[in-house]
Structure formats: C-alpha cells, structure tokens
Amino acid sequence: MSERRILRGGLIGCGFFALNQLHGWAELEGVEIAAICDRDPARLEAVGAEFGIARRYTDAAAMLENETLDFVDIATTPPSHRALVELAARHKVGIICQKPIAPTMADARAMVEAADAAGVPFMIHENFRWQTPILAVKRAIESGRIGTPFWGRVSFRSGFDVYKAQPYLAQGARFIIEDLGIHILDVARFLLGDAQAITARTRRVNPAIKGEDVATMMLDHANGVTSIVDCSYATPQEHEPFPESFVEIDGDRGALRLTKDYRLTITTRDGTTVEEVAPPLLAWAERPWHNIQESVRNIQAHWVDRLASGGTPDTSGRDNLQTFGLVQAAYQSAATGQTVRLDTL
Ligand code: NAD
Ligand code: 89V
C-alpha cells in the first residue's frame, strides 16, 4: 500500500485564535502548515519564529502564487473572509474558513457558490460540535437511552472577560449571537436536527460594549422538537463555567443533562447514571480554554480525513448556511419581535 502524501496547508491570519490552530496542526499526522500569512509583519515574524515556519507572506495572493498548497486555513476576522475564500477558490485549493462565515447571508452564499464552482472542498471551522462533551451527548442520544427527543436546551452563560483577548468583540454592532451564539445554535442543530424557524430576544447589559451580550432564542426544529438556545456574557457566577456549554434534552424514555465540570447525567424510569465526559488537557492547551482547544484539533483531524477520502466535511460551507441562517434570522426576530422562518431569508 502506498503511503499517504503529507498535505500542505497555508494559514492566513496569525492572530489570537490562529495559535490554537497552529498547535492543532502540529499534533496531527499527514499534514503540515507549509506557509503562513498575515498583513501585520510583526505578528507574522513572531508566529513564524514560534512555530518554525520560514515561508511567510504579508499578502495572501502572493502566498497562493508562490506555494504549492492543498488547502488554506483562513483565521482572519469576517470582513476579509469572502475575498480570501474567492482567492483560494481561484487557485483551486481546499478551504477552511473561521466562523462566522461572513458579515452577510449574500456573502456567505457567494462563498459557497465560489467553492462549488471551483470544485474544491470548503469547511467552516465550526468547532464547538467537536468538543468531547458534546460528542458524548450526541452518542448518548444515538444510543436510544432517552428515546426520541422532544425538547432541548443548549446554554452558555458566563461573566468571563472575553473582550481582553478579543477586543473587536466589544466594538461590533452585533456581538453574542454572531460570535458565540453561532456555535451554540450549531450544537443545537447537531444534537436535535435542522431548525425551520427562530424567535429571539436580545439585551445589552454591559454599557461598555456596542452589541448585544445576552440572547434568548427558541428554535422550531423540522422534526417537531422545540429547543431553547440561551447565551450571556453578563452573568457572573460563583463557579465561572467559561467556556462550557450546558445541555438539557428530554426524550420520550428519559432525559439527559450535561452540567458543570462535564458531568453527563442520564435518567430513565430505570434510574440515573452519571459519567464524566471532560476533554483531555492537550500538552499545549491551558485551562479554561482546553475544551475549545481540543475541539480545534478534532475538527482539523476530520478535515484531513475528508480531504484524503474526498468526502464532504460535516461543517461544510453549505451546511453552515443553516447555522448562519439561524444567526441572521435571530437578529431579524429580535429587531421585529416576530418569529422568522429560515426559508424567508
Ligand atoms: P485577531 O484579530 O486576533 O487575528 C486576525 C489576524 O488576521 C490579525 O493578525 C490580522 O492582521 C490578520 N488579517 C486580517 N485580514 C487579513 C488579510 N486579508 N490577510 C492577511 N491577514 C489578515 O482575530 P482572532 O481573535 O484570532 O479571530 C479570528 C477569527 O477566528 C474570527 O473569525 C473569530 O470569530 C474566530 N474565532 C473562532 C474561535 C473558535 O472557537 N472557533 C475562537 C476565537 C475566534
Ligand atoms: O468561539 C469564539 O468565537 C470565541 C469565544 C469562545 C471566546 O467566544 O469568540
């Protein structure tokens, strides 16, 4: 049997979160980050030195001209995503792009079209569903122990100072749904199926930021399940849970709860079991981020597998239109007070 060729990636955007991505890639077999790009030369140099990557560019177009790559990993903020995805599509390389996919639905759809037209795989780096505890919840549902789900809640409530590492989060007119709620909505889709409509209410509690820091959303799933997705960065707690997501799912034969410190409790009429489903602390990871950091490595491993097999990644650009559609519809619902159906977007 012939050995699998090492896949060559080029990473664009060497900021706060890209460091996790670079650590994740470095752990995986069969893939290497051959070149990096950032328009900020100081960041480029610092990150290149830290990870021993000599091929460095301040211009993504120059990187794609000069390097032979299998894929790009776009870790810039959303205003640059569409142009970079279209650039990569013109060069016919695979594309990973950070969430949120784009500033608007029109941009998001154009990016999916561009990748399809070029015939290249396109994955959104939607990593929360790849967290070990969320995967454990998915397996528990699939085991059938709680029967058929009829109600769910995915909740993320925190008082963590998220603005320190990501100051741009305090500056946008939109905040928690677009940045964090997007993950929690995706987890709700992953666990309970696609949603057709959403009703949302938002608040800004912290006066020092521009966007909303609290959101409460109700989803009507296509299979008849109702779920609540609620997010807050205005909720200090005695035992800060950041960045844990809590899950409650009720089924016709039992109920499950994913609670603080990664405890998964399943109760049926026969009794209750409790399991610890904590993520491992990877060598390069640090608490409390380790849950998110491990999910980065997990989604990257999934990309390598799908690139090698020619399969579509689970969080493809097209799949992500459903998650991003929920984000857009949630803002519309919060602005109008009405329930918004996704097929009206
Ligand atoms: P950041 O501002 O720290 O880093 C972005 C970097 O991209 C900067 O160094 C900037 O100079 C560079 N850049 C911007 N446009 C560029 C271009 N056209 N060409 C080359 N370089 C360019 O931002 P961040 O906090 O690292 O966030 C980046 C993305 O990651 C965002 O979309 C954010 O939502 C996402 N993010 C995802 C997670 C997650 O868990 N999936 C967590 C945090 C951030
Ligand atoms: O996942 C994210 O995009 C991050 C964080 C978890 C801190 O909200 O912004």
Side-chain angles (χ1 to χ4, degrees), residues 10-24 35-48 56-64 72-88 96-103 107-108 111 123-131 134 156-172 174-187 209 211 213 215 231-233 240-245 279 285 288-300 315 320 323-324 327:
L11 181 129
I12 308 172
C14 299
F16 162 70
F17 204 71
L19 301 185
N20 296 318
Q21 294 172 221
L22 285 162
H23 278 297
I36 55 173
C37 168
D38 198 295
R39 60 186 178 194
D40 176 343
R43 270 194 184 183
L44 187 63
E45 205 183 312
V47 171
R56 304 172 193 167
Y57 296 85
T58 50
D59 176 21
M63 182 175 83
L64 279 150
V72 290
D73 188 13
I74 300 170
T76 61
T77 43
S80 55
H81 287 176
R82 178 173 174 178
L84 291 170
V85 164
E86 289 176 345
L87 172 73
I96 308 173
C97 179
Q98 259 297 348
K99 47 57 63 177
I101 180 171
D107 283 342
M111 292 157 72
M123 180 176 87
I124 300 304
H125 185 116
E126 181 43 78
N127 50 318
F128 270 42
R129 63 162 79 180
W130 287 97
Q131 292 173 6
I134 301 299
F156 187 109
R157 311 192 76 77
S158 169
F160 186 80
D161 180 8
V162 74
Y163 314 103
K164 199 168 153 204
Q166 295 165 267
Y168 58 89
L169 296 178
Q171 291 149 17
R174 292 179 167 189
F175 166 38
I176 202 167
I177 300 178
E178 185 179 82
D179 181 71
L180 183 275
I182 194 166
H183 292 303
I184 312 304
L185 289 165
D186 188 71
V187 168
I209 68 167
D213 52 1
C231 309
S232 169
Y233 272 126
E240 173 56 58
F242 180 91
E244 291 180 50
S245 304
W289 290 91
H290 63 298
N291 183 33
I292 291 180
Q293 288 168 320
E294 191 228 2
S295 70
V296 168
R297 189 203 54 184
N298 292 347
I299 195 173
Q300 290 172 334
T315 58
N320 195 256
T323 296
F324 192 60
V327 168

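Note that the coordinates shown come from a computational prediction; the quantities given were computed from them, not determined experimentally. Both ligands and their constituent atoms are indexed starting at 1 by order of listing. Numbers here are sequence positions counted from 1.
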Colleague: Can you name the atoms of ligand 1, numbered from 1 with element, that are less than 4.0 Å from a heavy atom of Thr77?
Modeller: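 Every atom of ligand 1 under 4.0 Å from some heavy atom of Thr77: 23 (O), 31 (C), 32 (O).
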Colleague: Under 4.0 Å from ligand 1, counting heavy atoms only, is it the side chain of Val296, its backbone, both or neither?
Modeller: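 Val296 to ligand 1: no contact under 4.0 Å from either part.
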Colleague: With side chains defined as the heavy atoms from C-beta onward, is the minimum distance between Asp73 and Gln300 less than 4.5 Å?
Modeller: yes
Colleague: Find all atoms of ligand 1 within a distance of less than 4.0 Å from any non-hydrogen atom belonging to Asp179, and give their numbers and elements.
Modeller: 34 (O)
Colleague: Relative to the heavy atoms of His81, which atoms of ligand 1 are at a distance of less than 4.0 Å?
Modeller: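 The list of qualifying atoms is 32 (O).
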Colleague: Could you tell me whether the side chain of Pro243 reaches within less than 4.5 Å of the side chain of Pro288, counting heavy atoms only?
Modeller: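 Yes. Closest side-chain heavy atoms under 4.5 Å.
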Colleague: Taking the side chain as every heavy atom from C-beta outward, state whether Leu19 and Val47 have any pair of such atoms under 4.5 Å apart.
Modeller: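 A side-chain contact under 4.5 Å exists here.
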Colleague: Judging by distance only, is a nitrogen or oxygen of Cys37 under 3.5 angstrom from one on ligand 1?
Modeller: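 So ligand 1 has no N or O lying under 3.5 Å from an N or O of Cys37.
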Colleague: Which atoms of ligand 1 sit under 4.0 Å from any heavy atom of His125?
Modeller: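 Listed by number with element, the hits are 41 (N).
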Colleague: Write out the residue and atom name of the closest protein heavy atom to atom 3 (O) of ligand 2, then the distance separating them to 0.1 Å.
Modeller: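 Nearest neighbour among protein heavy atoms for atom 3 (O) of ligand 2, to 0.1 Å: Lys99 NZ, 2.5 Å.
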Colleague: Starting from atom 44 (C) of ligand 1, find the nearest protein heavy-atom neighbour and note its residue, name and distance.
Modeller: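 For atom 44 (C) of ligand 1, the nearest protein heavy atom is Gln166 NE2, 3.5 Å.
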Colleague: For Leu84, is at least one N or O under 3.5 Å away from an N or O on ligand 1?
Modeller: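 No; every N/O pair is 3.5 Å or more apart.
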Colleague: Can you tell me which portion of Ala60 lies within the under-4.0 Å heavy-atom range of ligand 1? Options are side chain, backbone, both, or neither.
Modeller: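 Within the 4.0 Å criterion, Ala60 makes no contact with ligand 1.
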Colleague: For Asp179, enumerate each residue passing the side-chain hydrogen bond (donor to acceptor under 3.5 Å, both in side chains) test, keeping only those at least two apart in sequence or located in another chain.
Modeller: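 Expected list: Lys99.
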Colleague: Measure up the Trp289 and Phe16 rings against each other and bin them: parallel (under 30°), tilted (30 to 60°), perpendicular (over 60°).
Modeller: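 Perpendicular.
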Colleague: Among all protein heavy atoms, pick out the one at the shortest distance from atom 11 (O) of ligand 1; state its residue, atom name and that distance to 0.1 Å.
Modeller: Asp38 OD1, 2.7 Å
Colleague: Taking only heavy atoms of Pro78, which atoms of ligand 1 are found under 4.0 Å from at least one of them?
Modeller: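 Close to Pro78: 32 (O).
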Colleague: What is the closest protein heavy atom to atom 5 (C) of ligand 1, and at what distance does it sit?
Modeller: Ala75 O, 3.9 Å
Colleague: So do Ile299 and Arg129 actually touch side chain to side chain, heavy atoms under 4.5 Å?
Modeller: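 Of all side-chain heavy-atom pairs linking Ile299 with Arg129, none is under 4.5 Å.
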Colleague: If we set the cut-off at 4.0 Å for heavy atoms, which region of Glu126 has an atom near ligand 1: side chain, backbone, both, or neither?
Modeller: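 It is neither; nothing of Glu126 touches ligand 1.
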Colleague: With a 4.5 Å limit on heavy-atom distance, are the side chains of Phe128 and Leu180 in contact?
Modeller: yes
Colleague: Considering non-hydrogen atoms of the protein only, which is the closest contact for atom 9 (O) of ligand 2, and what is the distance?
Modeller: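 The closest heavy atom on the protein side is Asp179 OD2, 2.6 Å.
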Colleague: How far is atom 18 (N) of ligand 1 from its nearest protein heavy atom, and which residue and atom is that?
Modeller: Ser80 CB, 3.9 Å
Colleague: Using modelled atom types and a 3.5 Å cut-off, is there a donor and acceptor pairing between side-chain atoms of Gln293 and backbone atoms of Asn20?
Modeller: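 Looks like no, no N/O pair under 3.5 Å.
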Colleague: Can you check whether Arg39 has an N/O within less than 3.5 Å of an N/O in ligand 1?
Modeller: yes
Colleague: Could you identify the single nearest non-hydrogen protein atom to atom 7 (C) of ligand 2 and state the distance to 0.1 Å?
Modeller: Gln166 OE1, 3.1 Å
Colleague: Would you check whether Trp289 has a nitrogen or oxygen atom less than 3.5 angstrom from a nitrogen or oxygen atom of ligand 2?
Modeller: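 So ligand 2 has no N or O lying under 3.5 Å from an N or O of Trp289.
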Colleague: By salt bridge (Lys or Arg N to Asp or Glu O under 4.0 Å), which residues pair with Asp38, not counting sequence neighbours?
Modeller: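 Salt bridge (Lys or Arg N to Asp or Glu O under 4.0 Å) list for Asp38, sorted by chain: empty.
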Colleague: Any nitrogen or oxygen of Arg43, side chain or backbone, less than 3.5 Å from one on ligand 1?
Modeller: yes
Colleague: Determine the minimum heavy-atom distance between Cys14 and Arg43, stating which atoms define it.
Modeller: O-CD, 3.7 Å
Colleague: Could you find the nearest protein heavy atom to atom 8 (O) of ligand 2 and give me its residue, atom name and distance?
Modeller: Tyr233 OH, 2.9 Å
Colleague: Quick one: closest heavy-atom pair of Thr76 and Ser80, and the distance?
Modeller: OG1-OG, 2.6 Å
Colleague: Might you confirm whether atom CD of Glu45 has over 12 heavy atoms from other residues, nucleotides or ligands at distances under 6.0 Å?
Modeller: no
Colleague: Would you mind checking which non-hydrogen protein atom is closest to atom 7 (O) of ligand 1, with the distance to 0.1 Å?
Modeller: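 Protein heavy atom with the smallest distance to atom 7 (O) of ligand 1: Gly13 CA, 3.5 Å.
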Colleague: Just let me know how Asn127 lines up against ligand 1, side chain, backbone, both or neither, with a heavy-atom cut-off below 4.0 Å.
Modeller: side chain
Colleague: With a 4.5 Å limit on heavy-atom distance, are the side chains of Ile184 and Ser245 in contact?
Modeller: yes
Colleague: Look at atom 4 (O) of ligand 1 and say which protein heavy atom is nearest, naming residue and atom and giving the distance to 0.1 Å.
Modeller: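 Atom 4 (O) of ligand 1 sits closest to the protein heavy atom Gly15 CA, 3.2 Å.
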Colleague: Would you tell me which option among Tyr168, Phe17, Trp130 has the nearest heavy-atom contact to atom 27 (O) of ligand 1?
Modeller: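 The option holding the nearest heavy atom is Tyr168.
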Colleague: Atoms of ligand 1 less than 4.0 Å from Pro100 heavy atoms?
Modeller: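 Reading through ligand 1 atom by atom, the close ones are 34 (O).
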Colleague: Can you sort out which atoms of ligand 2 are near Val162, meaning under 4.0 Å from one of its heavy atoms?
Modeller: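 Within the 4.0 Å cut-off of Val162, ligand 2 contributes 7 (C).
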Colleague: Do you know the tightest heavy-atom contact between Glu240 and Gly159?
Modeller: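 Reported closest heavy-atom pair: OE1-N, 2.9 Å.
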Colleague: What are the two closest heavy atoms between Gly13 and Ala75, and how far apart are they?
Modeller: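 Closest approach of Gly13 to Ala75: O-CB, 3.6 Å.
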Colleague: Under 4.0 Å from a heavy atom of Phe16: which atoms of ligand 1 are those, numbered in the order shown and with their elements?
Modeller: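 By the 4.0 Å cutoff, the relevant atoms are 3 (O), 25 (O), 26 (O).
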Colleague: Which of parallel (below 30°), tilted (30 to 60°) and perpendicular (above 60°) describes Phe175 and Tyr233?
Modeller: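 Taking Tyr233 first and then Phe175, their aromatic rings lie parallel (interplane angle under 30°).
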Colleague: So Thr323 and Ile182, do their side chains get closer than 4.5 Å, heavy atoms only?
Modeller: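 Answer yes - side chains close enough.
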Colleague: Which part of Gln98 is near ligand 1, with near meaning a heavy atom under 4.0 Å away: side chain, backbone, both or neither?
Modeller: side chain
Colleague: Students should be able to answer this: which protein heavy-atom is nearest to atom 6 (C) of ligand 2, and at what distance?
Modeller: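 Protein heavy atom at minimum distance: Ile292 CD1, 3.7 Å.
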Colleague: Going by the order shown, which atoms of ligand 1 are within less than 4.0 Å of some heavy atom of Ile292?
Modeller: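 Ligand 1 atoms under the 4.0 Å threshold to Ile292: 40 (O).
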Colleague: Identify the protein heavy atom lying closest to atom 2 (C) of ligand 2, giving its residue, its atom name and the separation to 0.1 Å.
Modeller: His183 NE2, 3.5 Å
Colleague: Only one of Ile36, Val72, Leu87 clears side-chain contact (heavy atoms from CB on, under 4.5 Å) with Met63; which?
Modeller: Val72
Colleague: What protein heavy atom sits nearest atom 31 (C) of ligand 1, and how far away is it?
Modeller: Thr76 O, 3.6 Å
Colleague: With the side chain counted from C-beta on, respond yes when Phe17 and His125 share a heavy-atom pair under 4.5 Å apart, and no when they do not.
Modeller: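 They are in contact (side-chain heavy atoms under 4.5 Å apart), so the answer is yes.
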Colleague: Among all the protein's non-hydrogen atoms, which is closest to atom 19 (N) of ligand 1, and how far away is it?
Modeller: Ile12 CG2, 4.0 Å
